[in-house]
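Take a look at the structure below.
These values consider heavy atoms only, across backbone and side chains, with no hydrogens, waters or symmetry-generated copies.
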Amino acid sequence: PAFGLFIFTIARDPLRIIILIAGAFFWLVSLLLSSLIWFIAVKASDPQDERLQKGLLIFGVMFSVLLQEAFRFLYYKLLRKAIEGLVALSEDGCSPISIQQMAYVAGVGFGLMSGAFSMINLLADALGPGTVGIHGDSQLYFLTSAFMTMVLIFLHTFWGILFFHGCEHRRWWEIAAVVIMHLTVSGLSFCNPLYVGSLVPSYLLMAAAAAWAYLLSGGSAQNLRRFVLCKC
C-alpha cells in the first residue's frame with residue numbers, strides 16, 4: 001500500500017517525480033555517510049568487545065537518524081530556492097507547485113528509498129543460510145519486517161510535511177518533534193525480537209503523525225474526528 005503513494009499521487013506529474021527522485025537521493029547520501037562513519041568506527045574498535053560493538057550499533061543508528069534529518073533540512077533549503085526560481089520564470093508569478101506539495105513529495109521520496117533498502121535487506125536475509133524460528137524464536141520475522149517497512153514509509157511522508165511546515169513557519173519545536181519521533185521509532189527496533197514492543201508504539205506514532213500532518217495541511221479537526229469515530 002505504501003508504494004501506491006507514488007502511483008496514485010505522483011506518477012502523473014513530471015515535476016513531482018523529479019522532486020521525489022531528488023529526495024530519495026538526499027536520503028541515500030545521508031545513509032552512505034552514516035554507514036561510512038559507522039564502518040570506520042567498527043574497524044577501529046575491538047571486534048571481540050560485544051558491549052562496545054552494541055554501543056557502536058546504537059550510536060550508528062542514532063547518528064544515521066540525525067544525519068537524515070539534517071539532509072531533510074538541506075533539501076528543504078534547496079526546494080525553497082527552487083520555488084523562488086520557478087516563480088521568477090513563470091508568467092503569472094506563481095509557482096506550479098506549493099511548498100506543502102513539495103513537502104509531501106519529498107517525504108514520499110525519503111520513505112520510498114528507506115523502504116527499498118529495507119526490502120533489499122529483508123530479501124538478502126531470506127536467501128539464508130538458516131531457517132527463521134529454528135531455535136524457538138518467532139517465525140514472524142519477515143511479516144513484522146514488512147509491516148515495519150510500511151510504517152517507516154508512511155512516517156517519512158508525514159515527517160516531511162511536519163518538518164517543512166516547521167521550517168516554513170519557524171516553529172522549531174515541530175522540527176524537534178520530528179527528530180524525537182524518528183529517534184524513538186529507530187530506537188524501538190532494539191526491542192526486537194519482541195516485535196509487539198516495536199510495532200505497536202510505531203503504529204501509534206504513525207497515527208499521531210498522520211493526524212498532525214493532516215491538520216497542518218489544512219484538514220478539518222471535525223472531519224478527522226468523524227473519521228476516527230467512523231461517522232459519515
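Hydrophobic side-chain contacts under 4.5 Å tie Ile40 into a cluster, directly or through other members, with Leu36.
Judged purely by atom type and a 3.5 angstrom limit, Ser189 uses its side chain to pair as donor or acceptor with the backbone of Ser186. The main-chain N or O of Trp27 is found under 3.5 Å from a side-chain atom of Ser30 such that the two form a donor-acceptor pair. Between the side chain of Ser217 and the main chain of Ala213, a donor-acceptor pair closer than 3.5 Å is present. The backbone N or O of Ile180 lies less than 3.5 Å from a partner atom in the side chain of Thr184, making a donor-acceptor pair.
Taking 4.5 Å as the limit, some side-chain heavy atom of Gln222 sits within range of a side-chain heavy atom of Arg226. Side-chain contact between Met206 and Leu155 is present, with heavy atoms from C-beta onward closer than 4.5 Å. Contact of the Met148 side chain with the Ser202 side chain is registered, since non-hydrogen atoms from C-beta on lie closer than 4.5 Å. A heavy-atom distance below 4.5 Å is not found between the side chains of Leu32 and Leu28. Annotation: side chain of Ile161 is not in contact with side chain of Gln100 (no heavy-atom distance under 4.5 Å). Contact annotation: the side chain of Gln68 approaches that of His156 to within less than 4.5 Å [non-hydrogen atoms, C-beta and beyond].
Here the CD1 atom belonging to Ile18 is positioned 10.0 Å from the CD1 atom belonging to Ile97, to the nearest 0.5 angstrom. Separation of atoms CZ (Arg225) and OG (Ser220) is listed at 8.0 Å; rounding is to 0.5 Å. One finds the CG atom of Leu20 at 14.0 Å from the CZ atom of Phe25 (value rounded to the nearest 0.5 Å). Distance NE2/His169 to CD1/Ile175: 11.5 Å, rounded to 0.5 Å. The OG atom of Ser114 lies 12.0 Å from the CE atom of Met119; values are rounded to the nearest 0.5 Å. Remark: Trp159 CH2 to Met181 CE distance equals 7.0 Å, nearest 0.5 Å.
Residues in residues 30-62 take part in these ring pair (Phe, Tyr, Trp, His ring centres under 6.0 Å) pairs, two or more places apart or across chains: Phe59-Phe63. Sequence neighbours left out, the pairs with a member in residues 9-21 that pass side chain to side chain donor-acceptor pair (under 3.5 Å) are Thr9-Tyr104.
The minimum heavy-atom distance linking Ile153 with Thr157 is given by the pair O-OG1, 3.0 Å. Closest approach of Val185 to Leu152, counting heavy atoms only: CG1-CD2, 3.8 Å. Listed here is the closest heavy atom pair of Leu56 and Val42: CD1-CA, 4.1 Å. Considering all non-hydrogen atoms of both residues, Ala103 and Gly160 come closest at CB-O, 3.7 Å. Annotation for Pro201 and Leu188: closest pair CB-CD1, 3.5 Å, computed over non-hydrogen atoms. The shortest non-hydrogen separation linking Leu67 to Ser34 is CD2-N, 3.6 Å.
Counting heavy-atom neighbours within 6.0 Å of Phe190 CZ, excluding the residue itself, gives a total above 12.
Applying the ring-ring contact (aromatic ring centres under 6.0 Å, His included) criterion to Trp173, with sequence neighbours excluded, gives Trp212. Tyr75 meets the ring-ring contact (aromatic ring centres under 6.0 Å, His included) test with Phe26; sequence neighbours excluded. In this view, Phe164 and Tyr76 satisfy the ring-ring contact (aromatic ring centres under 6.0 Å, His included) rule, not counting sequence neighbours.
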Before giving the answer on side-chain contact (heavy atoms from CB on, under 4.5 Å), spell out for Tyr203 and Met150 the whole-Å C-alpha distance, their side-chain angles and the decisive distance to 0.1 Å. CA-CA 10 Å; Tyr203 270 82; Met150 183 178 70; 3.1 Å; yes
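Linking Ile, Leu, Val, Met, Phe, Trp and Tyr residues whenever their side-chain heavy atoms come within less than 4.5 Å leaves Phe154 and Val179 in two separate clusters.
Just one of Val178, Leu183, Leu74 meets the side-chain contact (heavy atoms from CB on, under 4.5 Å) condition when paired with Glu69; it is Val178.
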